[in-house]
Enquirer: 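To start, I am sharing the structure in question, which I have written as structure tokens.
Quantities reported herein were computed from a predicted structural model and do not represent experimental measurements. Heads up: numbering here begins at 1 and tracks the sequence. Hydrogens, waters and symmetry mates are skipped; everything else that's a heavy atom, side chains included, is used.
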Amino acid sequence: MKRHAGDLFVLGAAAVIFLAQQLAISYMPLDGAAGAMRRMLFLVTTAALALMALYFRRFFGAWLVSAGILMNLLPMAAHGGAMPIDFAILQRSGAFPEVTEADIGRQTNHGKDVVLRRDDIRFYWLSDRFIVDLPLYGTNIYSAGDFVLFAGLGLVAAQAAVMAFRPGGERADAASPAENVERGAG
């Protein structure tokens with residue numbers, strides 16, 4: 001497999017950004033100036049991750065990863081940096097019993113979501129609205145962008161595996177069989 005300069009640096013930077021997002025979601029306050037900073041940090045770093053995914057554009061799945069992130073970014077930007085989620089969907093999922101009607105209009109603890117009523121959600125079709133129950137993980141709520149992103153990650157992994165196990169003689173810079181015959185090497 002051909003090595004690309006900078007791949008590890010970009011992957012490392014993306015991992016650091018993702019870790020920073022998770023720490024901000026878990027430990028920064030929800031309200032006031034710190035809450036606004038938390039939402040802005042999440043919004044800006046999410047856009048950076050979409051751009052970083054395109055660094056790996058040689059993988060078809062990277063385009064889907066970036067598209068999925070951007071699909072999530074649109075409703076987040078429309079809601080001040082938080083992903084909107086319909087209260088009725090939260091109730092129906094049963095996954096977050098601690099979220100009550102009193103939480104409508106507020107950002108959830110330890111998450112990136114803001115709880116709203118459906119009529120108050122801009123870009124509803126891109127919001128977190130699909131309830132999925134996964135074995136070993138449990139119930140969670142995903143957006144259409146999440147599914148596109150997951151499909152992209154799967155395609156990147158599949159393409160990387162195929163490239164890793166491809167015979168070494170199939171390099172792009174190797175001479176074609178016709179060129180070898182012309183030279184008398186075939």
Side-chain angles (χ1 to χ4, degrees), residues 6-57 59 61-87 89-90 93-100 102-116 121-123 126-154 156-157 160:
D7 283 5
L8 286 178
F9 175 78
V10 173
L11 284 174
V16 167
I17 289 172
F18 183 75
L19 179 62
Q21 284 184 330
Q22 298 312 304
L23 290 172
I25 286 171
S26 297
Y27 297 108
M28 287 182 78
L30 296 173
D31 299 319
M37 177 64 87
R38 174 186 193 227
R39 289 185 299 279
M40 187 55 63
L41 172 72
F42 197 80
L43 198 61
V44 169
T45 56
T46 299
L49 287 172
L51 292 174
M52 292 174 101
L54 290 179
Y55 173 85
F56 297 98
R57 62 189 173 276
F59 295 99
W63 292 93
L64 290 178
V65 169
S66 186
I69 293 170
L70 292 172
M71 288 171 69
N72 287 339
L73 196 59
L74 187 59
M76 288 171 59
H79 291 279
M83 177 60 97
I85 187 165
D86 181 4
F87 176 69
I89 290 173
L90 276 170
S93 77
F96 305 95
E98 70 279 5
V99 178
T100 67
D103 293 311
I104 293 174
R106 298 159 102 182
Q107 195 167 355
T108 59
N109 290 332
H110 304 295
K112 62 175 177 27
D113 297 308
V114 61
V115 181
L116 299 170
I121 296 176
R122 292 183 291 282
F123 304 105
L126 294 175
S127 68
D128 281 351
R129 64 189 196 109
F130 299 101
I131 301 167
V132 178
D133 190 17
L134 297 171
L136 303 175
Y137 186 76
T139 303
N140 205 353
I141 304 167
Y142 298 93
S143 67
D146 293 335
F147 294 126
V148 171
L149 187 151
F150 297 150
L153 289 173
V156 167

Enquirer: Distance-only check: which donor-acceptor pairs under 3.5 Å involve side-chain atoms of residues 47-55, not counting sequence neighbours?
Expert:
from: Y55; atom 1: OH; to: A5; atom 2: O; distance (Å): 2.5
from: Y55; atom 1: OH; to: D7; atom 2: OD1; distance (Å): 3.4

Enquirer: If you compare all heavy atoms of F59 against all heavy atoms of V156, which two are closest, and at what distance to 0.1 Å?
Expert: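 Answer, listing the atom of F59 first, then V156: CB-CG2, 3.9 Å.
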
Enquirer: Considering only heavy atoms from C-beta outward, does the side chain of L90 approach that of I141 to under 4.5 Å?
Expert: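 Yes - at least one pair of side-chain heavy atoms lies under 4.5 Å apart.
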
Enquirer: Would a distance-only check, ignoring hydrogens and angles, find a side-chain to backbone donor-acceptor pair under 3.5 Å from N72 to I69?
Expert: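 Such a contact is absent between N72 side chain and I69 backbone.
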
Enquirer: Any side-chain heavy atom of F147 within less than 4.5 Å of one from L64?
Expert: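 In short, these two side chains do not touch, never coming nearer than 4.5 Å.
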
Enquirer: Is there a side-chain contact between L73 and L43 in this structure, where contact means two heavy atoms from C-beta onward sitting under 4.5 Å apart?
Expert: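 Yes, at least one pair of side-chain atoms sits under 4.5 Å.
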
Enquirer: I'd like to know whether L11 forms a side-chain contact (heavy atoms from CB on, under 4.5 Å) with F56, so could you lay out the CA-CA distance, the side-chain angles of the two residues, the decisive distance to 0.1 Å, and finally the verdict.
Expert: CA-CA 10 Å; L11 284 174; F56 297 98; 3.7 Å; yes

Enquirer: Output side-chain donor-acceptor pairs under 3.5 Å for residues 75-85, partner residues at least two apart or in another chain, one line each.
Expert:
from: H79; atom 1: NE2; to: R122; atom 2: N; distance (Å): 2.9
from: H79; atom 1: NE2; to: R122; atom 2: O; distance (Å): 3.4

Enquirer: So, using side chain to side chain donor-acceptor pair (under 3.5 Å) as the criterion, who are the partners of S93 when residues are at least two apart?
Expert: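 None.
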
Enquirer: In chain order, what residues pass the side chain to side chain donor-acceptor pair (under 3.5 Å) check against D128, with sequence neighbours excluded?
Expert: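 K112.
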
Enquirer: Look at the aromatic rings of F150 and Y142 and report parallel, tilted or perpendicular, splitting at 30° and 60°.
Expert: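 Ring orientation, 0 to 90° scale: perpendicular.
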
Enquirer: Please list, one pair per line, the donor and acceptor atoms closer than 3.5 Å that link side chains of residues 14-25 to other protein atoms, with sequence neighbours excluded.
Expert:
from: Q21; atom 1: NE2; to: T45; atom 2: OG1; distance (Å): 2.8
from: Q21; atom 1: NE2; to: T46; atom 2: OG1; distance (Å): 2.9

Enquirer: Could I get the full list of side chain to side chain donor-acceptor pair (under 3.5 Å) partners for D86, not counting sequence neighbours?
Expert: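 D86 satisfies side chain to side chain donor-acceptor pair (under 3.5 Å) with no residue once adjacent residues are dropped.
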
